[in-house]
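Report on the following structure.
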Protein chains: 2
Amino acid sequence: MARRKRLETNHQRVPVPTLERMATYLRLLSDLEAAKVHTVSSLEIEEQTGINAAQFRKDLSYFGEFGKPGVGYRVSDLHQRIAQILKIHREQPILLVGAGNLGSALVGYPGLREQRFVIAAVFDNNYAKIGRMLWDHEILDVNRMKEVNRQIGARIGIIAVPAGAAQEVAEMLVDAGVRAILNFAPTILRVPPSVVVRNVSFLQELAVLSYYIEQEEEPLSSPTPAASSTL
Amino acid sequence: MARRKRLETNHQRVPVPTLERMATYLRLLSDLEAAKVHTVSSLEIEEQTGINAAQFRKDLSYFGEFGKPGVGYRVSDLHQRIAQILKIHREQPILLVGAGNLGSALVGYPGLREQRFVIAAVFDNNYAKIGRMLWDHEILDVNRMKEVNRQIGARIGIIAVPAGAAQEVAEMLVDAGVRAILNFAPTILRVPPSVVVRNVSFLQELAVLSYYIEQEEEPLSSPTPAASSTL
DNA sequence: TAGATTGTTAATCGATTAACAATC
DNA sequence: TAGATTGTTAATCGATTAACAATC
């Protein structure tokens, strides 16, 4: 029912799966660059990622022309242009809310910097934590978020708080000017249509994996009724 | 090209998006149960999750009949049956590889237990870490994985190691009997077709979000244009 | 019974892939 | 030039949603 207004002005609406793959290509291209490979073809991309070559070319076609027929793609060019498309060619500041275990792991994750994401401020609502350090960040009071972000101008926020607090935090982030939220809490967030949310839920991922596990009739020691018929 | 043999025998092949949503329904149902709600209709599910009511009913239809026309679904029944479908109705042991920040956050995450996932063993290859404790787990030598898993019989493994080590770890997990892998490393894993992999890549998620950020012509000092037209 | 809501079929929509003319 | 590989159109596939008869 809800006819979502897409926030991008672009040429053509880019499918989300395409964007996800763009990030994959970017990573591969970094590796190739590091390996001093100068040129790739779409078929080589397919071999290395498992993503169909036509799919790759189609994905790129949403953004322009990138290759030379008969030759392929220059690795460094393509890398740079994709980085530009995803807007990670320059530093992107991020607000992190939640200074627990997960928050700590995120701040300490070196991969972020590699892709030019910078955690610019860390917030928590726990007075026992506020004022203490998380790595090289002082943990700030969540209530200072809006004020602090006037300086930073971050457009991306990460929610790493328990499910019960997530909705409230989302609203604070939006109020502070954030337009995109990465949500680690297992809750469905309600935000204005102009704000994009993506959820990272490893519980959900585990549940999906769990489904695929063959139900090996129990390492059944003795009789153990162990209802069998899976049907 | 690669015609993937699906490992499930089931009636009909269940779409992955359906499985992902099943996990969402499960979570919602837990909340409803806690709130002492006894019955839900598909329309109420739509209101609370944003997932189309027809979609919900279609999703369930892959697994059988769950509701009463004119009435709806009994929350507790539905919860239990979905848990059974996803095989999280009983404890599911997991092997965790990588005792770094991320691994630590995972072991310390209380949500896992709530969904009956149990991290049964933690491995690392760093001799400085092996033998030390991560929460209540002794960190074990990766090379003991196969041996240790003979006791545990875990079918699910989590990879929380740097990208460079991920492929090797994946192979060790498979060798140890794991059939499903949750991969946090930013690499594409190559595994036998009988093994399922799901990737959790928050860098990728951030990259996707980043794309959607309006490119506000730099916070260029004074006038603050504050670009409005979302169109 | 009348009203509500299911389960399922059919229609729609969108994403993936194959095929090929254009071009280096 | 001949061979390779692109960018794009058309064909296929699969997932989402609307519609409705069945049924509580």
Side-chain angles (χ1 to χ4, degrees), chain A residues 1-6 8 10-25 29 32 37-75 77-78 81-82 85 208, chain B residues 1-6 8 10-25 29 32 37-75 77-78 81-82 85 208:
Chain A
M1 198 113 291
R3 180 134 305 190
R4 290 246 134 202
K5 188 155 19 103
R6 233 52 247 271
E8 277 294 301
N10 270 1
H11 3 330
Q12 216 172 343
R13 226 38 82 255
V14 180
V16 171
T18 291
L19 292 173
E20 293 171 350
R21 286 188 297 266
M22 292 300 278
T24 301
Y25 305 145
L29 291 165
L32 291 176
V37 175
H38 296 296
T39 297
V40 260
S41 69
S42 58
L43 210 62
E44 288 165 340
I45 299 269
E46 172 169 334
E47 280 159 19
Q48 300 197 41
T49 62
I51 297 168
N52 179 291
Q55 177 82 81
F56 170 74
R57 298 197 301 273
K58 176 80 175 172
D59 284 340
L60 293 189
S61 76
Y62 288 101
F63 306 101
E65 307 199 348
F66 297 79
K68 266 204 183 34
V71 181
Y73 304 83
R74 277 204 67 73
V75 172
D77 282 12
L78 190 54
R81 292 186 62 190
I82 294 180
I85 288 163
V208 172
Chain B
M1 201 112 290
R3 180 134 305 192
R4 290 246 136 204
K5 199 177 342 132
R6 231 55 246 269
E8 277 294 301
N10 270 2
H11 0 331
Q12 216 172 343
R13 226 39 81 255
V14 179
V16 171
T18 290
L19 293 172
E20 293 171 349
R21 286 189 297 266
M22 292 301 278
T24 301
Y25 305 145
L29 291 165
L32 291 177
V37 175
H38 296 296
T39 297
V40 260
S41 68
S42 58
L43 210 60
E44 288 165 341
I45 298 268
E46 173 169 332
E47 280 159 18
Q48 299 197 42
T49 61
I51 297 168
N52 179 291
Q55 178 83 79
F56 170 73
R57 298 197 302 273
K58 176 81 173 174
D59 284 341
L60 292 189
S61 76
Y62 287 102
F63 305 101
E65 307 199 348
F66 297 81
K68 266 204 183 33
V71 180
Y73 304 83
R74 278 204 66 73
V75 171
D77 282 11
L78 190 55
R81 292 186 63 191
I82 294 180
I85 289 162
V208 172

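In what follows, chains are A, B, ... by sequence order, proteins preceding strands, each numbered from 1.
- Rounded to an integer number of Å, the gap from B/R57 CZ to C/dT8 P is 11 Å.
- The strand DNA chain D forms stems, runs of 3 or more Watson-Crick or G-U wobble pairs with distances below 3.5 Å, at C:3-24 with D:3-24.
- Shown here are the ring-ring contact (aromatic ring centres under 6.0 Å, His included) partners of B/Y25, two or more places apart in sequence or in another chain: B/F56.
- An OP1 or OP2 oxygen of D/dT6 is reached within less than 4.0 angstrom by a side-chain nitrogen or oxygen of A/S42.
- The shortest distance between side-chain heavy atoms of B/F63 and B/T18 falls below 4.5 Å.
- Computed from coordinates, the A/F66 CZ to D/dT6 P distance equals 13 Å when rounded to whole Å.
- Two residues are said to be in side-chain contact when any heavy atoms from C-beta on lie closer than 4.5 Å; B/L60 and B/E65 fail this criterion.
- The shortest non-hydrogen separation linking B/V75 to B/V37 is CG2-O, 3.4 Å.
- Of all heavy-atom pairs between B/A53 and B/E46, the closest is N-OE1, 2.7 Å.
- In this view, B/R21 and B/D59 satisfy the salt bridge (Lys or Arg N to Asp or Glu O under 4.0 Å) rule, not counting sequence neighbours.
- Put simply, A/Y73 has a side-chain N or O that comes within less than 4.0 Å of OP1 or OP2 on D/dG7.
- In this structure, B/E47 has no salt bridge (Lys or Arg N to Asp or Glu O under 4.0 Å) partners at least two apart in sequence or on a different chain.
- Nucleotide C/dT6 holds its C1' atom 18 Å from the CZ atom of B/F63, rounded to whole Å.
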**Q.** Contact letters for nucleotides 12-17 of chain C, in which S counts primed atoms plus P, OP1 and OP2 and B counts the base, heavy atoms under 4.0 Å
**A.** ---SSB

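- Here B/I45 contributes atom CD1 and B/L78 contributes atom CG; the two are 6.5 Å apart, rounded to the nearest 0.5 Å.
- B/E65 has its CD atom 18 Å from the P atom of C/dT5, to the nearest Å.
- Residue B/S41 places its side chain closer to C/dT5 than to any other of C/dT5, C/dG7, D/dT8.
- Under the 4.5 Å side-chain criterion, counting only non-hydrogen atoms from C-beta, B/V14 is not in contact with B/M22.
- Put simply, CG on A/L43 is 11 Å from C1' on D/dA4, counting in whole angstrom units.
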Could you pull out the protein-nucleic contacts involving nucleotides 22-24 of chain C (nitrogen or oxygen on both sides, under 3.5 Å)?
| residue | atom | partner | partner atom | Å |
| --- | --- | --- | --- | --- |
| C/dC24 | O2 | A/P69 | O | 3.4 |

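- Counting all heavy atoms, side chain and backbone alike, A/E44 lies closest to A/S41 at OE1-N, 2.9 Å.
- One atom, CD1 of A/I45, and another, P of D/dT5, lie 13 Å apart when rounded to the nearest Å.
- Both cation-pi conditions hold for B/R81 and B/F66: the charged atom is under 6.0 angstrom from the six-membered ring centre and inside a 45 degree cone around its axis.
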